[in-house]
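Chain naming here is simple, since letters A, B, ... match the order of the sequence lines and numbering starts at 1 in each.
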Amino acid sequence: MTDQSADFATRLLDWFDQHGRHDLPWQVRDYPDKHPYKVWVSEIMLQQTQVKTVLNYFDRFMQRFPSVESLAQASWDDVAPYWAGLGYYARARNLHKAAQQVVAQGSFPHTLEGWMALSGIGRSTAGALMSLGLQQYGVIMDGNVKRVLSRHQAIAGDSMSSPVVAQLWQLATVLTPVQRNADYTQAIMDLGATLCTSKKPLCLYCPVREDCKAYQQNRVLEFPQKKAAKATPVKHAVVIIIEHEQTGQWLWQQRPSEGLWGGLYCLPIVEQTELAAFQAQFSLTTGCSLPTVKHSFTHFSWFLTPQVFKVNAAQHDALQHYFAASQWLDKQQAMDKGLPKAMLKVLGQC
DNA sequence: AATTCGGGGCT
DNA sequence: AGCCCAGAATT
């Protein structure tokens, strides 16, 4: 360990002791905690997701699935409602699957490679689990670390590109101490989340500003560098609200486990160009349209126009067969299944 | 090494 | 509307 790295870690740890976040619900207070389960669940929830958002889900999830065994034993339909609205639903499916893997193995992984062998766990999450979960040596590379280190060393180039990522991993590995490794891991994330923020960094309070190259050059906001984002495509589709004439229930379908909103219940969605054919196939009389809802994903924007069709008993069997994995539910039943945010927006129009 | 995958919140 | 967030998996 070089003098510079010791100095960096020491200053960061001293700052962390006074100003870091010590009361997050997944932080283990009584070391050593033999079970990394809590940290694991938190790390998966926190992938690409802000702490504030996760706080609304974590305790409820842990109360329902307090151990890896309880999660492994549950069915997917039990798990989905506890993740609904959190996004990136593949994380939940991977977590559920990995819990079953852990139970089958008989114990949690105890190496970086062991963690990475579980689905949904890459290098950074595995490092976090070694560090925060097992109190062993671990190195992470999340958005916070990228921002802190690329500023501190004024690293040029797209921070998502392979050479820069490799450089950041190398730097992170050199700077991460063996002593108090878990505290350091938490500290550098806390620094990124509370001081070295993307838009309004509070450099005057930063414990490592004196040797921060971006700060010295008055270029803090220029890092991390990234290539220009390309415009997100726009799509239009129709949300099919099929209302049972007698019961008033709607036809919902559980989406296939792969892909968008995988494993969640949604109203059927068809491309606008397919609507006429769909309507003709089932002899549906045109129902009323509801106000269009806009929903943005990372890779495209969706303009969803809900349209209501009332169907009689003769039509409803054919429709249920046409939409795979579908069932008739009233509003509350559907919400209890767990819905993505876009479906809640649609319900808000009704 | 580069591209794809894929939700939600905040300003 | 654009950007950010405790990235992973695939090609």
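When heavy atoms are screened at a 4.0 angstrom cut-off, A:Trp26 is found touching base atoms of the nucleic acid. When heavy atoms are screened at a 4.0 angstrom cut-off, A:Arg147 is found touching the sugar-phosphate backbone but no base atom. The residue A:Arg123 sits close only to the backbone: its heavy atoms come under 4.0 Å of sugar-phosphate atoms, none of a base. Among the atoms of the strands shown, base atoms are found under 4.0 Å from some heavy atom of A:Val51. No contact: A:Lys345 has no heavy atom under 4.0 Å from any strand. As judged by a 4.0 angstrom heavy-atom cut-off over every strand, A:Ser42 is placed among residues making no nucleic acid contact. Among the heavy atoms of the strands lying under 4.0 Å from A:Leu24 is at least one base atom, whether or not backbone atoms are also near. Nucleic acid contact for A:Thr232: none, since no nucleic acid atom lies under 4.0 Å from a heavy atom of the residue.
Atom-to-atom, NZ of A:Lys226 to C1' of C:dG2 comes out at 12 Å; the value is rounded to the nearest Å. Note: NZ (A:Lys38) to C1' (C:dA6) measures 17 Å, nearest angstrom. Taking atom CG on A:Leu129 and atom P on C:dG7, their separation rounds to 13 Å, with Å as the unit. Nucleotide C:dC3 holds its C1' atom 15 Å from the CG atom of A:Asn144, rounded to whole Å. In this structure, A:Tyr184 places its OH atom 16 Å from P of C:dA6, rounding to the nearest Å. A:Arg91 has its CZ atom 11 Å from the P atom of C:dA8, to the nearest Å. Between A:Trp115 atom CH2 and C:dA9 atom P the separation is 14 Å, expressed in whole Å. Separating the CE atom of A:Met116 from the P atom of C:dT10 is a distance of 13 Å, rounded to the nearest angstrom.
Only the C1' atoms considered, B:dG6 is 14 Å distant from C:dC5, to the nearest whole Å.
Aromatic ring pairs are classed by plane angle as parallel below 30°, tilted from 30° to 60° and perpendicular above 60°; the pair A:Trp15 and A:His19 is tilted. Aromatic ring pairs are classed by plane angle as parallel below 30°, tilted from 30° to 60° and perpendicular above 60°; the pair A:Trp328 and A:His244 is perpendicular. By the 30° and 60° cut-offs, the orientation of the rings of A:Phe278 relative to A:Phe309 is perpendicular.
Between atom CG of residue A:Leu171 and atom NE2 of residue A:His152 there is a gap of 9.0 Å, rounded to the nearest 0.5 Å. Separation of atoms CG (A:Leu221) and SG (A:Cys203) is listed at 8.0 Å; rounding is to 0.5 Å.
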request  = List the steps, then state whether ring pair (Phe, Tyr, Trp, His ring centres under 6.0 Å) holds for A:Trp26 with A:Phe61.
outcome  = CA-CA 12 Å; A:Trp26 45 86; A:Phe61 188 97; over 10 Å; no
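By the ring pair (Phe, Tyr, Trp, His ring centres under 6.0 Å) test, A:Phe108 pairs with no residue at all, sequence neighbours left out. By the salt bridge (charged side-chain N to carboxylate O under 4.0 Å, His left out) test, A:Arg123 pairs with no residue at all, sequence neighbours left out.
Take the nearest nucleotide of DNA chain C for A:Glu43 and for A:Gly120: the residue whose nucleotide is more 5' is A:Glu43.
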remark   = The contact string for nucleotides 1-11 of chain B, one letter per nucleotide 5' to 3', using protein heavy atoms under 4.0 Å with B, S and - for base, sugar-phosphate only and none, comes out as SSS--BBBSS-
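In this structure, A:Lys146 does not reach the C:dA6 phosphate: none of its side-chain N or O atoms is under 4.0 Å from OP1 or OP2.
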